[in-house]
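In what follows, every chain begins at residue 1, and chains take the letters A, B, ... in the order their sequences are listed. Remember, predicted model here, so these are calculated numbers, not experimental data.
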Amino acid sequence: MLQVYNTLTRTKEIFKPVKEGEVSIYACGPTVYNMPHIGNYRTFLMTDNIVRTLEYLGYKVKLVMNITDIDDKTIRDSKEAGMSLKDFTDKYTAEFFKGLDMLNIKRASAYPRATENVDGMIELARKLIEKGLAYEKGGSVYYRISGFPDYGKLSKLDFDNIIIGASVDVDEYDKDNPRDFALLKASTPEEIERGIYYESPWGKIRPGWHIECSVMAMNSFGPTLDMHIGGVDLIFPHHENEIAQSEGATGKPFVCNWVHGEHLIVEGEKMSKSRGNVFTLPEIVEKYGGEVVRFMFLSVHYRKKLDYSGAFAENAKNNYLKLKETLDNLEFALKNVEDESNPGDLETLKSLPELEIQFREALEDDFNTPKAITIFRELSRTSNVYLETGRNRQVLEQIHSLYKQFSDAFGIFAQVGKEEIPEEVASLVEEREAARKKKDWANSDVIRENIKSLGYIVQDTKEGPKVKKAEES
RNA sequence: GUCAGAAUGGCAGAGUGGUUAUGCUUCCGGCUGCAACCCGGAAUUAUGUGAGUUCAAUUCUCACUUCUGACUCCA
């Protein structure tokens with residue numbers, strides 16, 4: 001039984017989609033104005049893990065992730081870069097997708113853009129004005145918070161006691177209440193000059209930030225969706241405002257389950273430009289490999305802070321390699337096994353269903369990937385112990401099949417067993433085998449070094465030499 | 001300042017009102033021609049501090065300390 005922590009209630013709840021067997025998920029995607037950093041990708045990866053887990057549990061999942069391609073920052077920075085808004089955001093949208101591929105993140109069902117949904121936003125704004133929940137002032141449309149009594153239910157903020165941000169935008173000067181937020185912003189002369197504006201009943205406008213998500217989520221799924229995912233920093237104001245917009249307009253619950261991922265910090269500190277500790281994904285993927293980064297992120301529960309550091313990454317890498325080695329060894333054994341059966345071997349099979357259950361239960365416990373990894377390790381050890389002695393094909397196949405099942409659920413080891421050994425290396429290995437047969441250890445060791453210098457490692461096993469690509473470290 | 005979350009060995013990280021898992025790291029042993037891989041064993045002052053509830057607290061409660069975050073763009 002799947003249980004998921006819901007920010008709305010601050011408890012784990014039994015997960016039940018509106019439509020049996022199908023799950024609708026909306027996730028807040030990137031604002032495409034610069035290279036996303038590894039913290040952004042932690043959240044995207046968490047979303048991917050949730051999708052994969054739900055699929056592993058048998059649900060049909062539809063994920064929609066928006067791309068914010070018009071807002072203050074994209075407008076500002078595209079100008080600075082001397083590019084049109086579209087060229088500028090296209091560039092960083094491409095970077096965003098490249099990063100997803102680096103981490104083997106599955107594509108969502110759709111990636112709607114804010115700029116493609118302005119009509120819907122105007123429509124929603126009109127509806128909210130009709131209901132008295134929004135008003136026009138100075139060509140902008142604002143949401144009237146006082147008209148929505150539930151405001152604050154997600155963030156649980158006490159609005160009487162918190163300090164209103166010191167920096168109040170000039171264009172917010174006109175609002176009825178300083179906490180009211182913009183749905184649509186009146187275009188500035190500069191924006192109009194650059195062609196960044198949309199016609200509306202209130203004149204030329206461009207979208208505010210929060211309204212796009214309400215529109216795209218409801219366009220995709222109707223008034224109520226099962227799950228909405230984002231980083232913890234979005235709880236307020238972004239998601240609070242989404243609730244106000246959506247539920248204000250429809251009168252129906254917007255999201256059943258709010259899921260928020262904790263932040264990634266670096267050596268105990270927030271990643272920030274001023275501290276100079278911002279890492280982009282390509283930087284660390286180049287260093288450790290995409291799957292290691294993926295594994296590293298999955299080794300910490302999504303609701304816990306992940307404290308990134310070099311030592312942490314190395315640790316994750318060792319853990320990852322250990323699990324990978326087992327799969328390598330399993331596949332090697334499978335290739336070389338003879339079909340002789342030892343009835344006693346079948347004992348090992350009995351432990352597999354139990355591991356499968358434990359693995360599933362770990363994931364069902366609020367997507368507890370660290371716990372699931374522990375079960376994965378148990379399977380690894382079971383497998384290694386078996387490989388010490390046993391070679392029953394049926395047993396090997398069943399272990400392998402479960403191993404792949406776990407790997408796929410995590411989205412790792414997709415390439416294991418698929419790498420080609422270069423001709424040159426293969427012939428050296430043969431040469432070395434010949435030397436070993438003659439017990440010419442000196443020569444055999446020299447050849448092993450040669451192979452190593454080509455970037456490959458040879459291991460001697462009962463079934464003969466096993467060659468694999470060396471991990472650079 | 002208000003609010004929220006967190007604190008477990010050298011590192012990472014789970015669970016649990018009743019000998020703290022698991023992995024990495026380190027050491028020893030086995031396997032091996034030697035390695036590598038793997039297996040077995042061991043180690044390390046481990047549950048932030050102080051109270052309370054309890055027969056029993058790492059787990060529940062309270063306070064404190066520290067960290068992180070939200071309140072302003074932010075995954």
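- Taking atom CZ of A/R381 as the reference point, atom P of B/rG40 lies 5 Å away to the nearest angstrom.
- Annotation: B/rG48 and B/rU65 have their C1' atoms spaced 8 Å apart (nearest Å).
- Between A/F236 and the choices A/H239, A/H238, A/E240, the side-chain contact (heavy atoms from CB on, under 4.5 Å) rule is met once, by A/E240.
- At B/rC67, none of the side-chain N or O atoms of A/K270 fall inside 4.0 Å of OP1 or OP2 (strictly under the cut-off).
- On the P atoms, B/rU8 is 14 Å away from B/rA46, given to the nearest whole Å.
- Salt bridge status for A/K466 with A/D460: absent, with no side-chain N to carboxylate O gap under 4.0 Å.
- Residue-level contact check: A/H301 touches the backbone only, with heavy atoms under 4.0 Å from sugar-phosphate atoms and none from bases.
- Within the 4.0 angstrom heavy-atom criterion, only backbone atoms of the sugar-phosphate kind lie near A/K73; the bases stay farther away.
- Side-chain proximity of A/T374 to B/rA75, B/rC71, B/rU22: nearest is B/rU22.
- Using a 4.0 Å heavy-atom cutoff across all strands shown, A/G39 reaches at least one base atom of the nucleic acid.
- Distance, A/M271 CE to B/rC73 C1': 15 Å, rounded to whole Å.
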Bracket notation of RNA chain B in which parentheses pair within the strand, [ ] cross earlier pairs, and | pairs with another strand (Watson-Crick or G-U, under 3.5 Å): (((((((..(((.....[...))).(((((.......))))).....(((((..]....))))))))))))....
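- B/rC27 and B/rC37: their P atoms are spaced 14 Å apart (whole Å).
- Distances were taken from every side-chain heavy atom of A/R179 (C-beta onward) to each of B/rU72, B/rG13, B/rA12; the shortest belongs to B/rU72.
- Within the 4.0 angstrom heavy-atom criterion, no nucleotide atom of any strand lies near A/I235.
- By the 4.0 Å N-to-carboxylate-O rule, A/R144 lies too far from A/D180 to be salt-bridged with it.
- Looking at A/E283 and A/T280, their side chains do bring a donor and an acceptor atom within 3.5 Å of each other.
- Under 4.0 angstrom from either OP1 or OP2 of B/rA12 there lies no side-chain N or O belonging to A/K304.
- When the P atom is compared between B/rU20 and B/rC28, the two are found 28 Å apart, to the nearest whole Å.
- Atom CG in A/N40 sits roughly 5 Å away from atom C1' in B/rA75 (whole-Å rounding).
- Between the side chains of A/S214 and A/S246, a donor-acceptor pair is found at a separation under 3.5 Å.
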Salt bridge (Lys or Arg N to Asp or Glu O under 4.0 Å) assessment of A/D101 paired with A/R107: CA-CA 9 Å; A/D101 291 341; A/R107 292 300 160 96; 2.9 Å; yes
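- Among B/rG15, B/rC11, B/rA21, the nucleotide with an atom closest to any side-chain atom of A/N315 is B/rC11.
- Side-chain atoms of A/Q245 and A/H210 include no donor-acceptor pair closer than 3.5 Å.
- Within the 4.0 Å cut-off from OP1 or OP2 of B/rC37, not a single side-chain nitrogen or oxygen of A/N329 is found.
- Distance CZ (A/R10) to P (B/rA6): 11 Å, rounded to an integer number of Å.
- Side-chain contact annotation: A/D69 with A/T115, donor-acceptor N/O pair under 3.5 Å present.
- Nucleic acid contact class of A/R377 (heavy atoms, under 4.0 Å, all strands): base.
- Rounded to whole Å, the separation between the P atoms of B/rA63 and B/rC3 comes to 11 Å.
- Nucleotides B/rC11 and B/rU44 place their C1' atoms 12 Å apart, quoted to the nearest Å.
- Each of A/N368 and A/G268 was matched to the nucleotide of RNA chain B holding its nearest heavy atom; the match closer to the 5' end belongs to A/N368.
- A salt bridge links A/R393 and A/E397; the closest N-O separation between the charged side-chain nitrogens and carboxylate oxygens is under 4.0 Å.
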Letter per nucleotide, 5' to 3', of nucleotides 25-35 of chain B [B base touched, S only sugar-phosphate touched, - untouched; heavy atoms, 4.0 Å]: --------BBB
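- Residues A/E262 and A/V385 both approach RNA chain B. Their nearest nucleotides, taken by heavy-atom distance, put A/V385 toward the 5′ side.
- Side-chain atoms of A/E419 and A/Q415 form no donor-acceptor pair, as typed in the model, at a separation below 3.5 Å.
- Side-chain N/O atoms of A/K322 include one lying less than 4.0 angstrom from OP1 or OP2 on B/rC24.
- Separating the C1' atom of B/rU54 from that of B/rU59 is a span of 13 Å, rounded to the nearest Å.
- Classification of A/R52 and A/D48 as a salt-bridged pair holds, one side-chain N sitting under 4.0 Å from a carboxylate O.
- Distance, A/E267 CD to B/rU68 P: 13 Å, rounded to whole Å.
- For the pair A/N241 CG and B/rC73 C1', the interatomic distance rounds to 14 Å; values are reported in whole Å.
- Under 3.5 Å, the side chains of A/E13 and A/Y5 contain no donor-acceptor pair of N or O atoms.
- B/rA43 sits 12 Å from B/rA21 when the P atoms are compared, rounded to a whole Å.
- Atoms CD1 (A/I229) and C1' (B/rA75) sit 12 Å apart, rounded to a whole Å.
- What separates CD1 of A/I105 from P of B/rA75 is a distance of 15 Å, to the nearest Å.
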